[in-house]
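Since the structure comes first, as structure tokens, the remarks are kept for the end.
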Amino acid sequence: MKLMTCPLNGPRNITEFQCHGEVHRQPEPSGASDHEWAEYVWMSNNTAGVVREWWCHTPTNFWFLAERNTVTDEILATFPVPADGPSGEAS
Amino acid sequence: MVFALLKYGFSRRYPERDEIPRTPDLQSHYDVVIIGGGGHGASLAYHLAKHHGITNVAILEKGYLGGGNTARNTTVIRSNYTDQRSIRFYAKALRLYESLANELDYNMMYSRRGQLTLSHSDGVSRSLRLRADAGVFCGEANEIVDRQQIRSLVPSLNLDIKGMPILCGLWHPSAAIARHDAVVWGYAIRACERGVELHQRTEVLGMELSGNRVTRLRTNRGDVSAGTVVQCVAGYSSVVAKMAGLKLPIRSYPLQAMVTHPVKPFLDPMVSSTALHCYVSQSARGELVIGGGSDPYELYNTRSTLELKESLAASALEMFPFIGELKILRQWAGITDMTPDYSPIMGQGPLSNYWLDAGWGTWGFKATPASGFFLAKAISENRIPDEIRPFQLSRFHSFDLVNEMGATAASH
Ligand SMILES: Cc1cc2nc3c(=O)[nH]c(=O)nc-3n(C[C@H](O)[C@H](O)[C@H](O)COP(=O)(O)OP(=O)(O)OC[C@H]3O[C@@H](n4cnc5c(N)ncnc54)[C@H](O)[C@@H]3O)c2cc1C
């Protein structure tokens, strides 16, 4: 069993969590071109290496950020969403 | 004969197989460079050489021939999709498979079994009806079968699964399985006979671009330039595309499967249930092939997990309760390149000499003959054939997707 440390609930079985994908910036919907919008909706970096992602602990519906290595399957860090400041969007 | 066999069996030094040529020296230029020596790369090379006279071709494979998803798949070959554009494409693949052993003069143990997809709810029954009718409309054999008919097709199947009894099924009689390794070996051997070079243990590490062309590829065995470059790298599609400066609508997830030890033949058709996330077939050797569980998060790692093995075993047991005593013989994973609409990406990206054969996810083995057939035509004529036009990368910018999620959710 693989464990993930929830910033709110501590170490839990990874099956209690859902991954919601890499943190990335939403373009301004009213200003974005169709091309930009399609890129935002569909394209993905799909990085082989360290990524920063949204995760949710489903029993408590607590959303947080995680840094993970997609090659070694290691969870490097988990932390709550910073109250202000960037959450580290990848382009 | 008997003596020769005994001598072979007891000999310490087995004669080397020389059908697959040794990796030659890398030349500085090829008309076409294919990145990835899986079934798709080998099929493309074969079709370029056989039908279009393009033989100055190199396949660059970072590991060994067919060691990627081609070696890891559960070999379900079928055409019972939902969208007419897909049905016609996969039907072509099925036809090519049916005559492939003849075409290549190579035995790939093609075995027509039929596939039974089960419904345990009214919603799924409706979607199976849609697939049956869409298939029949395109001339493919498909029909809805009731419990009685299911019982006669698969007498050993448990119809009264607790909480989710089987209501009906989609019967696709032309579905088949084949020996996966033999498919890629057959294509590679016949391509190399026509002059194609297969370079194993040759990894593409980077690319040089000039204007909207890829001019040079950097590999661990030196640089190479190419008139045309095609990537056929499945799970590594995004990694390789990035070298050409491209971003794709692909996410890579491991897909896991397993086989039991061999038992007497009892299961002729393949049986699949989307609700149970599981499908079962019996190989020619008698092993039960049980697939396919996708990992819940993106990963470039082929480790297996107990969770998925447990859930696959639990589902298989619901369908065939008497297999509880069987032992798992092998288990593995492959990295699948998943697209949002569960359809592939074929064609030219934004670069003028760079072609994509990607997004084959959990469904690309069955397409192996057709992707090579159509892409070779496209590359030699520099024009996209109508059959693969719907699958270009540009569909994501025009929001004209080819949704096959329903027909692919059981991952094959
Ligand atoms: C468990 C499992 C079950 C499946 N079941 C089915 C099924 O029942 N039916 C079906 O139709 N499909 C199935 N699939 C999907 C199918 O296996 C694939 O879509 C198909 O095999 C892809 O073939 P390919 O030749 O494109 O890729 P691969 O066979 O993966 O070949 C790609 C090659 O590219 C090489 N490569 C990668 N990067 C580089 C680089 N930088 N330089 C050089 N070479 C590189 C890799 O080493 C690899 O050999 C399944 C997949 C899995 C994992």
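Throughout, a chain's letter reflects where its sequence line sits, starting with A, and its residues are numbered from 1.
Contact count versus chain A (heavy atoms, under 4.5 Å) is highest, among B/Pro340, B/Pro249, B/Pro296, for B/Pro249. Ranked by heavy-atom pairs under 4.5 Å with chain B, the first of A/Val71, A/Asp73, A/Thr47 is A/Asp73.
From B/Glu307, atom CD reaches atom CD1 of A/Ile14 across 8.5 Å, with rounding to the nearest 0.5 Å. A distance of 6.5 Å separates CZ of A/Arg68 from OH of B/Tyr297, quoted to the nearest 0.5 Å.
Using a 4.5 Å cut-off between heavy atoms, B/Glu298 touches chain A through backbone and side chain atoms alike. The contact between B/Ile250 and chain A is made by backbone and side chain atoms together, counting heavy-atom distances below 4.5 Å. Using a 4.5 Å cut-off between heavy atoms, B/Ile335 does not touch chain A at all.
Under the side chain to side chain contact (heavy atoms under 4.5 Å, CB included) test applied with B/Tyr300, the options A/Asn69, A/Thr70, A/Thr72 reduce to a single match, A/Thr70.
Within a 6.0 Å sphere centred on CZ of B/Arg221, other residues, nucleotides and ligands contribute more than 12 heavy atoms.
The heavy-atom pair separating B/Lys247 from A/Ser44 by the smallest distance is CG-O, 3.6 Å.
Residues of residues 33-43 of chain A that come closer than 4.5 Å to chain B, counting heavy atoms only, are A/His35, A/Trp37, A/Ala38, A/Glu39, A/Trp42, A/Met43, ordered by residue number.
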Which pairs of donor and acceptor atoms, one on a side chain in residues 234-242 of chain B, lie under 3.5 Å apart (sequence neighbours left out)?
| from | atom 1 | to | atom 2 | distance (Å) |
| --- | --- | --- | --- | --- |
| B/Ser237 | OG | B/Ala234 | O | 2.6 |
| B/Ser238 | OG | A/Asn46 | ND2 | 2.8 |

